[in-house]
S.K.: 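Before we start, here is the structure in question, set down as structure tokens.
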Amino acid sequence: MSIPGSLYIAGVWSEGSGPAIDVHNPSDGSVIAAPASATEADVAAALAAARAAQRAWARTPSAERGAHLRAIADLVAENADTLAALLVREVGKPRAEADGEVAFAESLLRYNAEWDRRIEGDILPGDTPGEQIHLLREPLGVVAAICPWNYPLAVLCRKLAPALVTGNVLVAKPSEVTPLATIEFFRLIDERLDLPAGVLNLVTGAGATGQALVDSPQTNLISFTGHRDTGKAIMAKAAGNLTRVSLELGGKAPAIVAADADLDITIPALITARHTNAGQVCTCAERVLVDRAIADEFTERYIVAASALVVGDPAGSGTEMGPMVSAAQLEKVVSAVALAQEQGAAVALGGGRPDGAQFADGYWHAPTVLTGLEPGMAILSDEIFGPVTPILAVDDISAALGEANNSRYGLSAYVFSRDYATVMRTVDELDFGEIYINRTHGESVHAHHAGYKESGMGGEDGRWGMLRYTQVKTAYHRYG
């Protein structure tokens, strides 16, 4: 793939000064591009460019900032086919899911653009005669957006859109595993739009590039989506400069299936919630806790449904699940299944690479179902991030809630029940920031996406997510 450069700084493309990093096609393992990495000096230049542009951007009327976001959204819509094709090629997700990611990115841009005339402060009465107190929403400054490999375009826009509409500027770092759709996104903006130079900047590379963004005192907010341990390290390093952080760090979503659940709704919802993007989604259903009274029926029907999934070429028509993104991710899942078997779990479906010559190369793992589980097994506590469904029979809702909350994570959870009291109790007692009731996963742009416990801090989307990119300035007006 021909790319304009690996760095976009102050409106100019250039190659990074660091080593090139191969980008692989997950379907066959072939190298499709090798963008160069940014060095510490490159990152410093990007941050300096952003800093130089920030004050003028903040003083740009918010309606103009919103217009820029709408123009970017139009650009995404006009080039949806190109962007989706790149996501298929570098992430390995089926074309329908890639189309969905591009549409979600566009909707994030359009939704946040609507805040251009709605960013509100407050006016309070003073404590003395002839005085008012004004509370103003101000931008934070320079935002470092460190994005994951599973939804590179959507997560970038999830961070970029609220940052820009509130008057911040951005330095984006895509994952070194999947940087190509992001590079194309920046290329389109550069060639087609008149966004002021320095407002958006791009640096590529691995952990060292991200570390340089985190270490710099020029960064005012680090918005990171990725692994729990990396998020903890970022938070520790950011403390040195008192840099604000917003962290989304994965999950171990439980799916509670009550005895009265409608399995005609539950099973298709969970098949989607487990196998979207080959299970590489932080909100995926990572463990199913099903009432013992219906456990056998549920398991049998779930296995039939998982067996029917169309696994194959992600660019092909009708494909429902593609490969995993990398050799490292595949090995992680293979190891998790092997450990589960060592601890006594039984493989009821799948368990490894699918059969067939088309799956000989690349990073393929078949839809897998594990049964015979007991509380305390690693597969029930450690994030899998792959197409593996552990099914644990539980005695009742109380047992399900206890098992669900016995986790270091608290991002998403699922509840399936036709009983109103059961649903309300589970919502009340689950220690998770996002709960799906009788439906599969998928956030809305105007809601709030945030985790509890080690799933992160901060949150994205909606009014609350947008306001995280602002700070409050208090002005005492003495006019009497």
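The basis for the numbers below is simple: all heavy atoms, side chains too, and nothing from hydrogens, waters or symmetry mates. Computed from a prediction, not measured in an experiment: that's the story for all the values here.
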S.K.: Roughly how far, to the nearest 0.5 Å, is the OG1 atom of T371 from the CD atom of E300?
M.R.: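 Spacing of CD (E300) from OG1 (T371) equals 11.0 Å.
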S.K.: Strictly distance-based, threshold 3.5 Å: is any side-chain N or O of N25 a donor or acceptor partner for the main-chain N or O of I32?
M.R.: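 Between the backbone of I32 and the side chain of N25 there is no qualifying donor-acceptor contact (under 3.5 Å).
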S.K.: Mind checking whether T299 and D296 have side chains closer than 4.5 Å, heavy atoms only?
M.R.: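 No, side chains not in contact.
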S.K.: Output yes when E114 and R70 qualify as a salt bridge under the 4.0 Å nitrogen-oxygen rule, no when they do not.
M.R.: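 A salt bridge is present here (some side-chain N lies under 4.0 Å from a carboxylate O).
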S.K.: When you measure from the side chain of T219 to the backbone N and O of V214, does any donor-acceptor pair fall under 3.5 Å?
M.R.: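 Flag not set: sc T219 to bb V214 has no pair under 3.5 Å.
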S.K.: When you compare the side chain of R274 with that of I384, does any pair of heavy atoms fall below 4.5 Å?
M.R.: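 Yes, close enough: below the 4.5 Å cut-off.
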S.K.: Would you indicate whether the side-chain heavy atoms of L270 and F298 approach each other to under 4.5 Å?
M.R.: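 F298 reaches L270 side chain to side chain.
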S.K.: Between OH of Y302 and CG of L263, what distance do you get to the nearest 0.5 Å?
M.R.: 13.0 Å
S.K.: Show the numbers, then the answer: is there a side chain to side chain contact (heavy atoms under 4.5 Å, CB included) between L339 and I379?
M.R.: CA-CA 8 Å; L339 178 58; I379 201 75; over 6 Å; no
S.K.: Report the distance from atom CD1 of I119 to atom CE of M466, rounding to the nearest 0.5 Å.
M.R.: 5.5 Å
S.K.: Can you check whether N150's main-chain N or O pairs, donor with acceptor, with K93's side chain at less than 3.5 Å?
M.R.: yes
S.K.: Salt bridge or not for R301 and D264, using N-O below 4.0 Å?
M.R.: yes
S.K.: Contact between Q329 and P26 at the side-chain level, heavy atoms closer than 4.5 Å - yes or no?
M.R.: no
S.K.: Indicate the atoms forming the closest heavy-atom contact of Y111 with R463, along with that distance.
M.R.: OH-N, 3.5 Å
S.K.: Checking D260 side chain against S417 main chain: does a donor-acceptor pair fall under 3.5 Å?
M.R.: no
S.K.: Taking atom CG of L170 and atom CG of L202, what is their separation to the nearest 0.5 Å?
M.R.: 9.5 Å
S.K.: Compute whether any side-chain donor of one residue and acceptor of the other, for T276 and H441, lie under 3.5 angstrom apart.
M.R.: yes
S.K.: Under 3.5 Å, is there a donor-acceptor pair between the side chain of Q280 and the main chain of V325?
M.R.: yes
S.K.: CD/E286 to SG/C284 distance, rounded to the nearest 0.5 angstrom?
M.R.: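 E286 atom CD to C284 atom SG measures 7.0 Å (nearest 0.5 Å).
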S.K.: Is there a donor-acceptor pair closer than 3.5 Å between any side-chain N or O of R228 and the backbone N or O of L249?
M.R.: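 No.
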S.K.: Is it the case that over 12 heavy atoms from other parts of the model lie below 6.0 angstrom from the NZ atom of K237?
M.R.: no
S.K.: Using the ring of each side chain (for Trp, its six-membered ring), is F359 parallel, tilted or perpendicular to W364, with breaks at 30° and 60°?
M.R.: perpendicular
S.K.: Do S398 and R425 meet the criterion of a side-chain donor-acceptor pair at a distance under 3.5 Å?
M.R.: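 The answer is yes; a qualifying pair exists.
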S.K.: Go through the steps to decide whether L200 and F186 satisfy the test side chain to side chain contact (heavy atoms under 4.5 Å, CB included), and finish with yes or no.
M.R.: CA-CA 8 Å; L200 283 181; F186 272 78; 3.9 Å; yes
S.K.: With a 3.5 Å distance limit and no angle check, can you tell me whether D428 reaches the backbone of M424 through a side-chain donor-acceptor pair?
M.R.: no
S.K.: Would you say that N112 contacts T166 through its side chain, given a criterion of any heavy-atom pair below 4.5 Å between the two side chains?
M.R.: no
S.K.: Quick one: do L109 and L160 satisfy side chain to side chain contact (heavy atoms under 4.5 Å, CB included)? Show the steps, please.
M.R.: CA-CA 8 Å; L109 291 162; L160 176 154; 3.8 Å; yes
S.K.: To the closest 0.5 Å, what do you measure between CD (E40) and CG (D215)?
M.R.: 7.5 Å
S.K.: Can you name the nearest heavy-atom pair linking V337 to H365, along with the distance?
M.R.: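 Shortest heavy-atom contact: CG2-NE2, 4.3 Å.
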S.K.: Heavy-atom count around D355 CG within 6.0 Å, excluding the residue itself: above 12?
M.R.: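 Check fails, neighbour count at 12 or below.
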S.K.: Any idea which heavy atoms bring R158 and D461 closest together, and the distance?
M.R.: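 So the minimum-distance heavy-atom pair works out to NH2-OD2, 2.7 Å.
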S.K.: Strictly below 4.0 Å, N to O, side chains only: are K473 and E138 in salt-bridge contact?
M.R.: yes
S.K.: For the residue pair H24 and Y363, categorise the inter-ring angle as parallel (less than 30°), tilted (30 to 60°) or perpendicular (more than 60°).
M.R.: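 H24 and Y363: perpendicular rings.
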S.K.: Do the non-hydrogen side-chain atoms of I391 and L373 ever get within less than 4.5 Å of each other?
M.R.: no
S.K.: Would S223 and E460 count as a side chain to side chain donor-acceptor pair (under 3.5 Å) if you check the C-alpha gap in whole Å, the side-chain angles of each, and the deciding distance to 0.1 Å?
M.R.: CA-CA 10 Å; S223 182; E460 307 276 9; 3.2 Å; yes
S.K.: Is the backbone of L135 close enough, under 3.5 Å, to the side chain of D122 for a donor and an acceptor to pair up by distance?
M.R.: no
S.K.: To check you understand the geometry: which heavy-atom pair defines the closest contact between P162 and C157, and what is its length?
M.R.: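 The pair with the smallest heavy-atom distance is CD-O, 4.0 Å.
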S.K.: Heavy-atom distance under 4.5 Å between the side chains of L370 and M377, does that happen here?
M.R.: no
S.K.: Test the K453-F432 pair against the cation-pi criterion, namely NZ or CZ under 6.0 angstrom from the six-membered ring centroid and within 45° of the ring axis.
M.R.: yes
S.K.: Specify the closest pair of heavy atoms between R65 and A58, including all atoms of both residues, with the distance to one decimal.
M.R.: NH1-O, 3.1 Å
S.K.: Stepwise, does the side chain to side chain contact (heavy atoms under 4.5 Å, CB included) test hold for F385 with V333?
M.R.: CA-CA 7 Å; F385 228 59; V333 173; 5.7 Å; no
S.K.: Less than 4.5 Å apart, any side-chain heavy atom of V415 and any of I435?
M.R.: yes
S.K.: Checking T426 side chain against T422 main chain: does a donor-acceptor pair fall under 3.5 Å?
M.R.: yes
S.K.: Ignoring hydrogens, what is the shortest heavy-atom contact between V203 and A38? Give both atom names and the distance.
M.R.: CB-CB, 3.9 Å
S.K.: Short question: side chain of N168, backbone of V142 - any donor-acceptor pair under 3.5 Å?
M.R.: no
S.K.: Considering residues, nucleotides and ligands other than R439, do more than 12 of their heavy atoms fall under 6.0 Å from its CZ?
M.R.: yes
